[in-house]
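These notes are about the structure you will find just below.
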Amino acid sequence: MKIKHYPDDVSQNFLKLRNQLISATGKAIGDYNMIEDGDTVLVCMSGGKDSHAMLMILLALQERAPINFKLIAMNLDQKQPGFPADILPAYLEKLGVEYRIVEADTYSIVKEKIPEGKTTCSLCSRLRRGIIYTTAQQLGANKIALGHHRDDIVQTLFLNMFYGAKMKAMPPKLATNRGEFMVIRPLAYCAEKDIAAYARGMQFPIIPCDLCGSQENLQRQKIKDMLNNWEREQPGRINNIFRAIGNVEPSHLADFDLYDFKHLSQAKDEDEDPMFDHEKFSAGNDMALSIASQDDKRIEFARKPFPVAVSTEE
């Protein structure tokens, strides 16, 4: 059965948005070598807009890719109160993709082990991760695809800085501890607002993702609001922060495990800071300022006269 990739009343704007998301996802997959020939990818479906978009975009890429890879959609039913367990199976069945619904009552374990009012995120995510890894092993999957996008990655950077005093985000690609699986985030280059617009156009059967109301989610929402305010003040700021995560200069930070500050005696060319590049500054003949006078108490710089350009045109 051929998968239907867009609604009947599709507009040119929607098609443009869809193509942009497919292109960005394809570029992320290529840049980080996320999917290779013969891979089996377990696509983790929460039922939110991001995982819905990820599955549909991966299906589109699967049809046009020059390599062969298998996709298996997976939804973890953690038995949270109010979780609509029938929605995703019905949708995936209609879509015609291979899928597994995994049932595991992690909710009761978390409620039993974590005192009321304390954050449940650490234990919940650890249980969820173990179930996903076990499922991937059972199904013969070597890649696990998560639906985190560019904004999630930037938000995680600030969460770790503000609450954990660590510069750490979500990598687009991550090897698991024992090296059995590779965790990939194909939507790493995609903006949340574009995914949201795409999801609205596709009319995905969305399942709310705030059922637990956890403390970590509340902290993430504050970070999200802060970043969105910055984005309104200066459009493009979130993307610049994301680009900075992939453009790191260890010599201009302060981690002595990443850079040998203790034995630093002479900078490498790539570590040189232009603001201290005095040799090039003083050697230039076209500098705007030069030393005009100095004594044992004061050094004075003065502007040099610039030659007047004479036009040969009449």
Check: Tyr133 ring centroid to Phe181 ring centroid under 6.0 Å: yes
Whether over 12 other heavy atoms sit under 6.0 Å from Phe256 CZ: no
Side-chain H-bond candidate by donor/acceptor type, Ser293 with Arg298, under 3.5 Å: no
Sidechain-backbone polar pair: His52 side chain, Ile206 backbone, donor-acceptor under 3.5 Å: no
Listed partners of Asp225 passing side chain to side chain donor-acceptor pair (under 3.5 Å), at least two apart: Gln221
Full working for side-chain contact (heavy atoms from CB on, under 4.5 Å) between Met182 and Ile144: CA-CA 6 Å; Met182 198 70 67; Ile144 298 170; over 6 Å; no
Side chain to side chain donor-acceptor pair (under 3.5 Å) contacts touching residues 180-207 (sequence neighbours left out): Asp31-Tyr189, Lys49-Glu192, Gln137-Glu180, His148-Arg185, Arg178-Glu180, Glu192-Lys224
Main-chain N/O of Thr40 paired with Asn142 side-chain donor or acceptor, under 3.5 Å: yes
Neighbour count >12 (heavy atoms, 6.0 Å) for atom CZ, Phe14: yes
Donor-acceptor pair between Asn229 and Arg232 side chains, under 3.5 angstrom: yes
side-chain contact (heavy atoms from CB on, under 4.5 Å) between Lys222 and Phe162, worked out: CA-CA 11 Å; Lys222 291 178 181 178; Phe162 289 178; over 6 Å; no
Under 3.5 Å: donor-acceptor pair, side chain of Lys173, backbone of Tyr32: yes
Donor-acceptor contact below 3.5 Å, side chain Asp152 vs main chain His149: yes
Steps toward side-chain contact (heavy atoms from CB on, under 4.5 Å) verdict (Leu61, Ile57): CA-CA 6 Å; Leu61 287 169; Ile57 292 170; 4.1 Å; yes
Donor-acceptor pair, side chain of Ser23 and main chain of Asn19, under 3.5 angstrom: no
Those residues that, when tested against Tyr163, pass ring-ring contact (aromatic ring centres under 6.0 Å, His included) (two or more places apart): none
Charged N-O contact under 4.0 Å between Lys79 and Asp77: yes
